[in-house]
Amino acid sequence: MIKIYAPASIGNVGVGFDILGAALIPISGDLLGDFVTVKLSKKFNLINKGLFSNKLPQNIEKNIVWKCWVKFCNVIKKNIPVSILLEKNMPIGSGLGSSACSVVATLVAMNELCNKPLNSKELLFLMGEIEGEISGSIHYDNVAPSYLGGLQLILEDSETISQTIPNFKNWFWIIAWPGIKVPTSKAREILPKKYKKEICIKNSRYLAGFIHASYSQQPYLAARLMQDFIAEPYRIKLLPDFLKAKENIKKIGAISCGISGSGPTIFSISDNIHTAQKISSWLTKNYLQNETGFVHICFLDSKGARKIG
Ligand code: HSE
């Protein structure tokens, strides 16, 4: 029997649309992500548990975990009958890489159970392919951090899909999910098909600057450059009063604030715990729309997907 945990993540990280992703771990020490347990069985069987299991499709063949199992068996060209327990703790359509958590945990668990027939590049490639089927187009900025941990730079060149880049150890990442759903496919559909040359240049400058500031460890330069000209202007309308939240969070002292992945979760950054706590209280009072919403103060999770027990 193999049990795997895969952490939640922030796609885009503001400045890197589809190119940057960060894995999260609450500073409380609690885990924020999905768990998948697999064991060999006579035939395929799936049990859903966890806080958000009631939001999963009734039809097993529509469940991401089933899709992962089918794809994995196809790729290794062998049918492996398994019994799977999915602990679905991440809200679907939250912008925290919920589908990536399930995809990563399932594929890592299957690969471990079968004594690693796929290497990490092949596994990540498969994760991206499945994520693409779910959201409409392939993007690695949730699956890569959830699988590999830390802050990931998506390269997608002939040899490497993603690599870890340095982050700032004293940054607190405050995330707030308001308790409502925004499907990634919908948030991708509303983006323009083409962008002006000025926007492309500005985006390249900010992203290159952010990577430079990360390597040269200039936290304030990095935070100032975490701006999104590609998705945020078009996605604001999908979030509950995002601009008001951003303005207030900045006033409290956040050094950066943006949309997590395709939203509606927002993230903000502070380099001291007192400001992080103030931001967390403000978001809890003002950004959450119902009792299912949550706020967490997090660090980046350097481990990524891992075996439990
Ligand atoms: N890069 C993706 C997007 C992340 O913004 O659509 C989805 O969580």
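None of these values were measured; they are calculated from a predicted model.
- Remark: Lys39 pairs with no residue by the salt bridge (Lys or Arg N to Asp or Glu O under 4.0 Å) rule, at least two apart or across chains.
- A distance-only check finds no donor-acceptor pair linking the side chain of Asn48 to the backbone of Ser53 [under 3.5 Å].
- The cationic group of Lys202 lies under 6.0 Å from the six-membered ring centre of Phe229 and within 45° of the ring axis, placing it in a cation-pi geometry.
- Listed by first then second residue, pairs satisfying side chain to side chain donor-acceptor pair (under 3.5 Å) with a partner in residues 191-200 number zero, not counting sequence neighbours.
- Between the side chain of Asp141 and the backbone N or O of Ile19 there is no donor-acceptor pair closer than 3.5 Å.
- The salt bridge (Lys or Arg N to Asp or Glu O under 4.0 Å) test applied to Lys307 returns Glu112, not counting sequence neighbours.
- Taking Leu24 as the reference, Ile10, Leu96, Trp173, Ile175, Cys298, Leu300 meet the side-chain contact (heavy atoms from CB on, under 4.5 Å) condition, with sequence neighbours excluded.
- Residues satisfying the side-chain contact (heavy atoms from CB on, under 4.5 Å) test with Lys62, not counting sequence neighbours, are Pro57, Asn59.
- Judged purely by distance below 3.5 Å, without hydrogens or angles, the side chains of Asn272 and His274 never pair a donor atom with an acceptor atom.
- Thr275 OG1 to Trp282 CH2: the interatomic distance, rounded to the nearest 0.5 Å, is 15.5 Å.
- Across every non-hydrogen atom of Pro91 and Ser98, the tightest pair is O-CB, 3.1 Å.
- Looking at residues two or more places apart in sequence or on another chain, you find a side-chain contact (heavy atoms from CB on, under 4.5 Å) between Lys78 and Ile76, Ile80.
- Salt bridge present: Lys71 and Glu133 bring a charged side-chain N and a carboxylate O closer than 4.0 Å.
- Residues satisfying the salt bridge (Lys or Arg N to Asp or Glu O under 4.0 Å) test with Glu247, not counting sequence neighbours, are Lys251.
- Applying the 6.0 Å contact sphere to CZ of Phe168 captures more than 12 heavy atoms from other residues, nucleotides or ligands.
- Checking Lys67 against Thr106 by side-chain atom types alone, no donor-acceptor pair falls below 3.5 Å.
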Pairs of donor and acceptor atoms involving the side chains of residues 206-217, under 3.5 Å and at least two apart or interchain, shall be tabulated with distances.
residue : atom : partner : partner atom : Å
Ser214  : OG   : Phe210  : O            : 2.8
Ser216  : OG   : His212  : O            : 2.7
Ser216  : OG   : Gln218  : NE2          : 2.9
Gln217  : NE2  : Asn167  : O            : 3.4
Gln217  : NE2  : Ser214  : O            : 2.9

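- Contact annotation: the side chain of Leu20 never approaches that of Gln152 to less than 4.5 Å [non-hydrogen atoms, C-beta and beyond].
- Between Ser262 and Thr184, the side chains place a donor N or O and an acceptor N or O closer than 3.5 Å (distance only, hydrogens not considered).
- Sparse packing is recorded around CD of Gln163, with 12 or fewer heavy atoms of other residues, nucleotides or ligands lying under 6.0 Å away.
- Side-chain contact of Ser135 with Arg188: a donor-acceptor pair under 3.5 Å is absent, judged by distance alone.
- Residues passing the side-chain contact (heavy atoms from CB on, under 4.5 Å) test with Lys3, sequence neighbours excluded: Phe35, Thr37, Glu87, Ile308.
- Legend: residues meeting salt bridge (Lys or Arg N to Asp or Glu O under 4.0 Å) with Lys246, ordered by chain and number and at least two apart, are Glu232.
- Residues Thr160 and Lys121 have side chains that never bring a donor and an acceptor to within less than 3.5 angstrom of each other.
- Sorted by first and then second residue, the pairs that involve residues 285-309 and meet ring pair (Phe, Tyr, Trp, His ring centres under 6.0 Å), not counting sequence neighbours, are Phe172-Phe299, Trp177-Phe294, Phe294-His296.
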Side chains of residues 254-261: which donor-acceptor pairs under 3.5 Å do they make with residues two or more places apart or in other chains?
residue : atom : partner : partner atom : Å
Ser260  : OG   : Gly95   : O            : 2.7

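- A salt bridge does not link Asp271 to Lys169: none of the charged side-chain nitrogens sits closer than 4.0 Å to a carboxylate oxygen.
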